[in-house]
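Atom set for the values below is all heavy atoms of this structure, side chains included, hydrogens, waters and symmetry mates excluded. Whatever order the structure lists them in is the order used to number ligands and atoms, beginning at 1.
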Amino acid sequence: MWKFLKFLLIFTLFIAAASESAANSWWESASFYQIYPRSFKDSDGDGVGDLNGITEQLSYLKEISITATWLSPIFTSPMADFGYDVANFTEIDPIFGTLEDFEQLLAKAKELGVKIILDFVPNHSSDECEWFIKSAKSDPEYKDFYIWHPGKISENGTRLPPTNWISVFRGSMWTWNDERQAYYLHQFHVKQPDLNYNNPKVREAMKDVLRYWVRKGVAGFRVDAVPHIYEVAADAEGNWPDEPSNPSVADPADYGYLQHIYTTNQPETLDVVYEFRQVLKELDEELGGDEHILMTEAYSPLDVLMQYYGNGSTDGAQIPFNFVLLSNVNKNSNAYDYEQQIHDWLDNMPAGSVANWVLGNHDQSRIGIRLGVDRMDLINVLLKTLPGVSVSYQGEEIGMTDVSISWEETVDPQACQSSIEEFESLSRDPVRTPFQWNDGHKAGFTDSNTTWLPLAEDYKLVNVKRQRGIANSHLNVYKQLQNLRATKTMSDGEAEVKAISENVIGIKRFLSGERTYVALLNLNDDLESINLNDAFGDLTVELEYILVTDKSVRRKGDKIYADSIVMLPKEAVVLGTIV
Ligand code: NOJ
Ligand code: MG
């Protein structure tokens with residue numbers, strides 16, 4: 001009898017444990033939103049956005065049902081790369097506010113139920129970081145914190161950089177330091193020296209950064225520039241090989257001039273990600289409560305990205321950013337191209353992992369420019385109806401577009417280091433302009449008469465306040481999509497994604513016992529007649545319009561036969577089965 005009871009108890013515990021692990025973690029169908037703090041909301045009238053500005057506007061994130069927001073760097077920085085050059089990883093830069101301001105932001109976010117994710121920049125620090133200053137002085141504790149090399153002496157006796165490697169922001173990846181009498185490596189700007197991950201002390205110092213912010217209450221990290229963390233190992237003499245050139249690029253200072261086989265995607269990089277996750281897992285265990293997450297930034301080949309998820313025995317990032325819809329489709333892509341890109345990700349993920357979809361960030365042209373202003377809603381419908389995690393960049397929910405910025409007004413180092421002829425194709429300033437809140441002074445971004453980047457001219461038409469009042473504005477389409485995402489079908493259901501014709505993408509979302517939804521997107525200007533029964537099984541004879549955009553003549557609530565749907569130019573709709 002006791003034996004049986006014991007068995008029953010163990011069995012019950014086992015079931016409880018199993019269903020607990022099967023329960024979705026908070027992030028698995030979450031809507032993420034990237035804030036670029038300099039450009040979101042300025043509270044102190046200096047023309048640059050700040051933490052108190054974000055705190056003021058957190059209720060907006062709630063209004064658009066955001067689960068978590070990731071903030072581009074807010075740490076002490078000389079701003080050579082607008083915060084991606086960190087001088088102190090555990091301090092707030094005064095331009096953004098104080099640690100108390102950040103704590104207040106966290107408290108308000110908690111109250112509202114919005115999670116805060118910080119940007120973690122492991123690859124490099126600022127050259128004004130104390131670690132680098134000490135390293136340049138050969139301080140015993142810090143001398144190997146960075147990557148130093150005396151260079152090569154050429155036949156005519158002049159000193160040359162150790163390799164031909166080129167930095168992402170143009171020119172040699174090596175810069176001479178007089179004090180240390182050696183070159184240091186910088187994959188990005190000269191003011192962004194690369195940390196040396198072969199030094200266990202560096203790894204530990206950076207893990208301490210993660211620990212510090214998690215203990216303050218952040219929900220996780222977006223991890224910057226992961227593929228650049230390691231370079232190939234040096235040979236016995238401490239030298240590295242040159243990289244082969246790329247015949248399609250003629251300019252020897254351009255990053256594209258070389259094939260980066262020794263400076264990106266080195267296998268050791270994966271271990272670093274796994275180690276960072278391990279730190280978070282230890283904290284999860286210690287602190288209890290919600291799981292902490294890693295979102296890794298890597299523009300890497302698919303097979304490498306899949307390994308970021310983990311290697312079967314070791315966990316990696318929960319969200320290795322998926323840029324297929326950001327990098328691999330363009331204005332001319334047809335429905336088959338989209339289908340293939342989406343399936344590439346879905347069909348190659350390791351078992352048990354969750355998909356994510358990133359449509360924009362502070363480094364890439366905005367959706368309207370990349371894929372067409374008249375496809376704005378259509379792309380948001382795609383983002384929000386695909387299974388898993390969605391990641392939006394600030395302003396995409398109201399259809400902000402790139403702002404043209406003159407050479408004189410350009411501040412992005414990637415563009416400033418090029419020329420007046422070339423800067424436009426390199427500048428990231430156009431996607432970083434002030435957020436458009438309303439049609440008032442400086443679009444409600446600041447009380448100041450100047451802003452750190454010019455404001456878009458279209459702000460009187462494209463702003464949150466105005467779009468709140470227009471039934472099928474981008475903002476209201478976005479909000480409706482967010483409501484739809486809250487349904488069980490969308491958060492837990494399965495997905496079937498297919499091209500229905502060259503122009504039409506269909507996404508069916510279904511879950512046993514729940515309503516089925518089908519999103520249909522007509523990419524182009526042809527009228528499309530669709531028999532949905534040919535594309536997807538198990539639909540009701542009639543379907544109901546759950547969501548329409550301003551391209552539709554149909555209204556929400558209208559009914560339609562599944563076998564005779566007409567899609568208008570650039571129309572995107574969500575249909576639901578009749579229950
Ligand atoms: C990627 C960031 O998104 C970009 O803005 C930055 O310039 C580089 N990493 C270097 O940190
Ligand atoms: Mg300010």
Review point. Which one holds for Phe169 and ligand 1: side chain close, backbone close, both close, or neither close, with close meaning a heavy atom under 4.0 Å?
Key: side chain

Check your understanding: Considering only the protein, which heavy-atom contact is closest to atom 8 (C) of ligand 1, and what is its distance?
Key -> Phe188 CE2, 3.8 Å

Review point. Which of the atoms in ligand 1, numbered in the order shown and given with their element, are less than 4.0 Å from a heavy-atom of Arg222?
Key: 2 (C), 3 (O)

Review point. So, are Asp439 and Arg466 salt-bridged, with charged N and O less than 4.0 Å apart?
Key: no

Check your understanding: ligand 1 versus Arg432, non-hydrogen atoms closer than 4.0 Å: side chain, backbone, both, neither?
Key -> side chain

Exercise for review: Please confirm whether Gln364 comes under 4.0 Å of ligand 1, counting heavy atoms of the residue only.
Suggested key: no

Check your understanding: Should the ring pair Tyr393 and His362 be called parallel, tilted or perpendicular, given that the plane angle runs from 0 to 90° and is split at 30 and 60?
Key -> tilted

**Study point:** Gln414 heavy atom under 4.0 Å from ligand 1
**Key:** no

Practice item. For Arg428, counting its heavy atoms only, list the atoms of ligand 1 lying under 4.0 Å from any of them. Key: 4 (C), 5 (O), 6 (C), 7 (O)

Practice item. Check all N, O or S atoms of Asp50 and name the one closest to the Mg ion (ligand 2). Key: OD2

**Study point:** Phe445-Trp452 aromatic ring centre distance below 6.0 Å
**Key:** no

Check your understanding: Side chains of Glu397 and Tyr60: donor-acceptor distance under 3.5 Å anywhere?
Key -> yes

Review point. Which word best sums up how the rings of Phe321 and Trp70 line up, parallel for under 30°, tilted for 30 to 60°, or perpendicular for over 60°?
Key: tilted

Review point. Among protein heavy atoms, which lies nearest atom 3 (O) of ligand 1, and at what distance?
Key: Asp363 OD2, 2.4 Å

Exercise for review: Using distance alone, with no hydrogens and no angle criterion, decide if Tyr142 and Lys201 have a side-chain donor and acceptor under 3.5 Å apart.
Suggested key: no

Practice item. Return the residue, atom name and 0.1 Å-rounded distance of the protein heavy atom closest to atom 9 (N) of ligand 1. Key: Asp224 OD1, 2.8 Å

Point to revise | Polar contact flag, side-chain donor to acceptor under 3.5 angstrom, Trp148-Ser135 | key: yes

Practice item. Report yes if the side chains of Ile35 and Leu61 come closer than 4.5 Å at any heavy-atom pair, otherwise no. Key: yes

Check your understanding: How about Ser392 and Tyr478: does a side-chain donor come under 3.5 Å of a side-chain acceptor?
Key -> yes

Check your understanding: Which N/O/S atom belongs to Asp44 and is the closest one to the Mg ion (ligand 2)?
Key -> OD1

Review point. Counting each atom of ligand 1 from 1 as listed, which ones have a heavy atom of His124 under 4.0 Å away?
Key: 10 (C), 11 (O)

Practice item. Heavy-atom contacts with Glu297 under 4.0 Å: which atoms of ligand 1 show up? List them by number with element. Key: 1 (C), 3 (O)

Check your understanding: Mind checking whether Tyr84 and Phe188 have ring centres under 6.0 Å apart?
Key -> no

Revision key, fill the gap. Among N, O or S atoms, Asp42 approaches the Mg ion (ligand 2) most closely through OD1

Check your understanding: Mind checking whether the Mg ion (ligand 2) has an N, O or S of Val48 under 2.8 Å?
Key -> yes

Review point. Which single N/O/S atom of Asp46 lies at minimum distance from the Mg ion (ligand 2)?
Key: OD1

Exercise for review: Note the single closest protein heavy atom to atom 6 (C) of ligand 1, along with its residue, its atom name and the distance in Å.
Suggested key: Asp81 OD2, 3.3 Å

Review point. Is there a donor in the side chain of Gln417 and an acceptor in the side chain of His189, or the other way round, less than 3.5 Å apart?
Key: yes

